[in-house]
Amino acid sequence: MNHATYSETETARDDPATAPFGTVFAKRMSITYFKNEKWTEVEMVASDQLTLHPGAHVLHYASTCFEGLKAYRHADGAIHTFRIGANVTRMQQSARLLYLPEPGEERLKMMILDTLKANEEEVPEAPAAMYIRPTLIGTQVCIGSAAAPSFEACLYVLLSPVGDYFTGGARPLRIVLEQEHMRTAPHAGIVKTGGNYASALPHIMRAKTEYQADQVLFCPEGIAQETGAANFLLINDNKILTKDLDETFLHGVTRDSILRLGAHMGYEIEERPITIEEVLDWCRTGEAALSGTAAVLAGVGELVHNGEIVKVGNGEIGPNTEKLRQALVDIQLGNATDHFGWVEKV
Ligand code: PLP
Ligand code: COI
């Protein structure tokens, strides 16, 4: 039986910065339950157990949504969250779209802050960070509720000290252009729900097996949309170009941050549908990158198009990608002025 406990993962706990992303957990998490139309008092509990009835709605009908944001330890030792409000708002939206009980803004924000405080000593030194994973699941016990939502729920905030998301540190990524399959049903792309990741998995696994790719860029109807776990941006010396927002894909907080920061740094920002042909044409001289909380801003070195490997620029991480990534990280770590009000002391 593969049943990891704290003691089995003890070695990884020693160095969260180099352990695989999301495999090390802070010891305590906050938890609350929605029952009889109201939330229970938030409790701080051990983070390695959760009791769930086997008939819980989430286990059968995927009534689940989650968030991903980070907190950073600044040079003075103080801990700061990045754009916590945006993630709270997006989680509320996901809950509504899944007909799950919606956590109030104040409750969710307080749970995140209290969980960080309860695990303060586990927030790693920069450039590692504390990844925060608020999770909402439908706990109604009724396996007949295939066409009905869960009226009961559990909300918890799990913390995981993390380093780089992609293994091998900062290196140019290989991305397959997927033209045949969608990541998820078009109306559900905007929801940060587990089912979307399950839906994308066969396509990502094929890309990994056939092309040793890091990820897939989904291009429904020939338009570059998003990858399996990050948004997609084209970048050059003057401009940042990315798909305009619609409900088919996740509205990344990092995407928004890079666009706003880029505008502030003098880049022209363009949001519109981008065809695959345009992506390929752009990549002859320009740069491509993935944006996400986990990925930060990760440079793309190669695209796989119709089975052929196409270099992006010279195949290395582009200078503008690096400049924008550094500018973002500088704000997150408190090494540059936050003109946007994104960073909040815990
Ligand atoms: N798209 C998908 C499918 C994701 O899983 C993520 C990661 O959270 C993103 C985009 C980027 O979102 P964010 O920048 O808010 O982390
Ligand atoms: C994130 O960037 O927060 C994500 O959700 C990506 C992932 C690990 C699924």
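All values derive from a computational prediction rather than experimental measurement. Every number for a ligand or one of its atoms is a count from 1 in the order of the listing.
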Under 3.5 Å, N/O to N/O: give me all the pairs between ligand 2 and the protein, one per line with atom names and distance.
residue: ligand 2; atom: 2 (O); partner: T293; partner atom: N; Å: 3.4
residue: ligand 2; atom: 2 (O); partner: A294; partner atom: N; Å: 2.8
residue: ligand 2; atom: 3 (O); partner: Y131; partner atom: OH; Å: 2.6
residue: ligand 2; atom: 5 (O); partner: Y131; partner atom: OH; Å: 3.4
residue: ligand 2; atom: 5 (O); partner: K192; partner atom: NZ; Å: 2.7

Could you tell me, for ligand 1, which of its N or O atoms are under 3.5 Å from any protein N or O, listing the pairs and their distances rounded to 0.1 Å?
residue: ligand 1; atom: 1 (N); partner: E226; partner atom: OE1; Å: 2.6
residue: ligand 1; atom: 5 (O); partner: K192; partner atom: NZ; Å: 3.4
residue: ligand 1; atom: 5 (O); partner: Y197; partner atom: OH; Å: 2.5
residue: ligand 1; atom: 8 (O); partner: K192; partner atom: NZ; Å: 2.7
residue: ligand 1; atom: 14 (O); partner: V253; partner atom: N; Å: 3.2
residue: ligand 1; atom: 14 (O); partner: T254; partner atom: N; Å: 2.8
residue: ligand 1; atom: 14 (O); partner: T254; partner atom: OG1; Å: 2.6
residue: ligand 1; atom: 15 (O); partner: R90; partner atom: NH1; Å: 2.8
residue: ligand 1; atom: 15 (O); partner: R90; partner atom: NH2; Å: 3.0
residue: ligand 1; atom: 15 (O); partner: V253; partner atom: N; Å: 2.7
residue: ligand 1; atom: 16 (O); partner: T293; partner atom: N; Å: 2.8
residue: ligand 1; atom: 16 (O); partner: T293; partner atom: OG1; Å: 2.6

message: If you apply the rule salt bridge (Lys or Arg N to Asp or Glu O under 4.0 Å), what do you find for K243 with E226, and how did you get there?
response: CA-CA 8 Å; K243 183 173 167 17; E226 71 174 332; over 6 Å; no
task: Before giving the answer on salt bridge (Lys or Arg N to Asp or Glu O under 4.0 Å), spell out for R325 and E322 the whole-Å C-alpha distance, their side-chain angles and the decisive distance to 0.1 Å.
output: CA-CA 5 Å; R325 194 198 67 86; E322 183 46 42; 3.5 Å; yes
task: Show your reasoning for whether salt bridge (Lys or Arg N to Asp or Glu O under 4.0 Å) applies to E67 and K192.
output: CA-CA 7 Å; E67 265 311 320; K192 198 160 171 64; 5.7 Å; no
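You'll find the side chain of T293 stays beyond 4.5 Å of the side chain of F82, heavy atoms only.
Every side-chain contact (heavy atoms from CB on, under 4.5 Å) that Q140 has, sequence neighbours left out, goes to H57, C142, S150, F151, E152.
There is a side-chain donor-acceptor pair under 3.5 Å between R107 and T32.
Seen from the ring of F340, R83 does not count as a face-on cation partner, given the 6.0 Å and 45° thresholds.
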Which donor-acceptor pairs under 3.5 Å do the side chains of residues 281-289 make with protein atoms, sequence neighbours left out?
residue: D281; atom: OD1; partner: R284; partner atom: NE; Å: 3.3
residue: D281; atom: OD1; partner: R284; partner atom: NH2; Å: 2.1
residue: W282; atom: NE1; partner: I235; partner atom: O; Å: 3.2
residue: W282; atom: NE1; partner: E287; partner atom: O; Å: 3.1
residue: E287; atom: OE1; partner: N320; partner atom: N; Å: 3.2
residue: E287; atom: OE1; partner: T321; partner atom: N; Å: 2.7
residue: E287; atom: OE1; partner: T321; partner atom: OG1; Å: 2.7
residue: E287; atom: OE2; partner: N320; partner atom: N; Å: 3.1
residue: E287; atom: OE2; partner: N320; partner atom: ND2; Å: 2.9

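Between I31 and the choices L155, V42, L50, the side-chain contact (heavy atoms from CB on, under 4.5 Å) rule is met once, by L50.
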